[in-house]
Visitor: 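Below you'll find the structure I mean.
Just so we're on the same page: letters track the sequence lines, and every chain starts at 1.
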2 protein chains.
Amino acid sequence: MKRQDPAELESLCRRKGLRLTSQRKAILTALAGRSDHPTADRLYDQIQPGLPEISRTTVYRVLEKLVEAGVARTVSHPGSVSRFEAIGPRHHHLACRRCSSLTDIAAPGLNELPLPSTRGLSFRIEDYSILFMGICTECKE
Amino acid sequence: MKRQDPAELESLCRRKGLRLTSQRKAILTALAGRSDHPTADRLYDQIQPGLPEISRTTVYRVLEKLVEAGVARTVSHPGSVSRFEAIGPRHHHLACRRCSSLTDIAAPGLNELPLPSTRGLSFRIEDYSILFMGICTECKE
DNA sequence: TTGTATGCAAAAGGTTTGCAATGAT
DNA sequence: ATCATTGCAAACCTTTTGCATACAA
């Protein structure tokens, strides 16, 4: 959607009590700089050249932490691999059920929906995102 | 959310040109009967006792086909395993970012949203579902 | 200094593939 | 009869774990 500011994500981490290692900084910067919902492995591939010591394991573990802390989230990518994005401005997703592509979409009219009552469930809603499902152009043919 | 009618799902498959094998029927029935977003493996475990010849591979392949055909869909379950649900009445999801639980939620007021324009993108939207993210009761403590 | 975070190597899962046999239409 | 679908077994990939070491606070 829109690139995030790595510095902002870092201070968010600090506030959450996460130690800022060079590995975490690299992952935050990489995540903030792309909007294509990368997998843990793709992030590793991107980061590794500039930080040769980093291990794949760390990327997995850091992403897990970031999600827990609310700094990143997994996106609903149909398929068997987890995909991630940094938190940021509200936006929504278009998912093609045929080719599994997942694209960001802005829909200003849908950014301030009334939240449903969770009184009975006592779940604290912090954010939301709409997943639009259908068929993309390439698959429409 | 609500249980679906297996017969309806079957006729949907027929219309899509999918052959109705006993394996597919069993998977449709199993999917229609639960609302907990099972993994392919859990479905296999459920079906196998009553259809001993079925293989895990087939469950994976059938689910893939069903998603392609629009009869089932994958749900945004944070975590590294794909989860599925049969298509059915519109509903939404609550996802806990801490424990990764995913619960259905009804929100009648949000079931007829104006769809965003996809003119520029030419994506055909067929359905949507809102993913509410936050913290569940157990994790709030 | 203290406890969190990392790297390594290995294990554990989950998912996919090729190919021959089966079965729905 | 024809072509999609299945089962098997193996390959492939992704993700997780245990443990000793390193490092942020």
Visitor: In whole angstrom, what separates A/L63's CG from D/dT16's C1'?
Guide: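 Value for this atom pair: 14 Å.
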
Visitor: Do the side chain of A/T58 and the base of C/dA5 come within less than 3.5 angstrom through a donor-acceptor pair of N or O atoms?
Guide: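 Flag unset: no donor-acceptor pair detected.
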
Visitor: Within the structure provided, determine whether A/L102 and A/L131 are in side-chain contact (heavy-atom separation under 4.5 Å).
Guide: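 The answer is yes; the side chains approach within 4.5 Å.
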
Visitor: Would you list the protein and nucleotides 21-25 of chain C atom pairs, both N or O, that sit under 3.5 Å from each other?
Guide:
from: C/dG23; atom 1: N2; to: B/R19; atom 2: NH1; distance (Å): 2.9
from: C/dA24; atom 1: N3; to: B/R19; atom 2: NH1; distance (Å): 3.3
from: C/dT25; atom 1: OP1; to: B/L20; atom 2: N; distance (Å): 3.4

Visitor: Between D/dT5, C/dC8, D/dT15, which nucleotide has the shortest distance from any of its atoms to the side chain of A/S82?
Guide: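 So the nucleotide nearest the side chain must be D/dT15.
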
Visitor: Apply the test side chain to side chain contact (heavy atoms under 4.5 Å, CB included) to residues A/I27 and A/Y44: give CA-CA distance (whole Å), side-chain angles for both, the deciding distance (0.1 Å), then the verdict.
Guide: CA-CA 8 Å; A/I27 291 171; A/Y44 172 80; over 6 Å; no

Visitor: Can a donor-acceptor pair be found between the side chains of B/S82 and B/T74 at a distance below 3.5 Å?
Guide: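 No pair is found: no donor N or O on one side chain lies under 3.5 Å from an acceptor on the other.
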
Visitor: To the nearest angstrom, how far is A/R61 atom CZ from C/dA5 atom C1'?
Guide: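 In whole Å, C/dA5 C1' lies 8 Å from A/R61 CZ.
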
Visitor: Which residue lies toward the 5' end of DNA chain D, B/T57 or B/G17, if each is placed at its nearest nucleotide?
Guide: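 By nearest-heavy-atom nucleotide position, the 5'-most residue is B/G17.
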
Visitor: Atom NZ of A/K65 and atom C1' of C/dT6: how far apart are they, to the nearest Å?
Guide: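 Rounding to the nearest Å, NZ of A/K65 and C1' of C/dT6 are 13 Å apart.
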
Visitor: Distance check needed: D/dT5 P versus B/R56 CZ, whole Å only.
Guide: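 Atom CZ in B/R56 sits about 22 Å away from atom P in D/dT5.
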
Visitor: Tell me if a side-chain donor or acceptor on B/R24 pairs with a main-chain N or O of B/R19 at a distance below 3.5 Å.
Guide: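 Judged by distance alone, yes, a pair lies under 3.5 Å.
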
Visitor: How far apart are the C-alpha atoms of B/I130 and B/L113, what are their side-chain angles, what is the distance that settles it, and do they pass the side chain to side chain contact (heavy atoms under 4.5 Å, CB included) test?
Guide: CA-CA 11 Å; B/I130 308 176; B/L113 296 182; 4.1 Å; yes

Visitor: Quickly work out the A/Q23 CD to D/dC23 C1' distance and round it to whole Å.
Guide: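 Between C1' of D/dC23 and CD of A/Q23: 9 Å.
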
Visitor: Is it true that B/D36 and B/R42 have a side-chain N and a carboxylate O under 4.0 angstrom from each other?
Guide: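 Salt bridge absent between B/D36 and B/R42.
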
Visitor: Can you list, in residue-number order, the parts of residues 46-55 of chain A that come under 4.0 Å of DNA chain C, counting heavy atoms only?
Guide: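 Within this stretch, A/E53, A/I54, A/S55 sit under 4.0 Å of the strand.
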
Visitor: Drop me the distance from B/L9's CG to B/I87's CD1, to the nearest 0.5 angstrom.
Guide: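 If we round to the nearest 0.5 Å, B/L9:CG and B/I87:CD1 are 6.0 Å apart.
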
Visitor: How many whole angstroms separate atom CD of A/E64 from atom P of C/dT4?
Guide: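 Roughly 15 Å, once rounded to whole Å.
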
Visitor: Calculate the interatomic distance between A/D41 atom CG and D/dT16 atom C1'; express it in whole Å.
Guide: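 For the pair A/D41 CG and D/dT16 C1', the rounded distance is 13 Å.
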
Visitor: Give the rounded distance in Å between these two atoms: NZ of B/K16 and P of D/dA4.
Guide: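 Rounded to whole Å, this separation is 18 Å.
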
Visitor: For a quick test of reading the model: is some side-chain N or O of B/Y60 closer than 4.0 Å to OP1 or OP2 of C/dT16?
Guide: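 Answer is no, no contact under 4.0 Å.
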
Visitor: With A/H92, which of A/L110, A/D104, A/T103 fulfils side chain to side chain contact (heavy atoms under 4.5 Å, CB included)?
Guide: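 Considering A/L110, A/D104, A/T103, a side chain to side chain contact (heavy atoms under 4.5 Å, CB included) with A/H92 is found only for A/L110.
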
Visitor: Once rounded to the nearest 0.5 Å, what's the spacing between atom CD1 of B/I125 and atom CD1 of A/I105?
Guide: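 Result: 5.5 Å between the selected atoms.
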
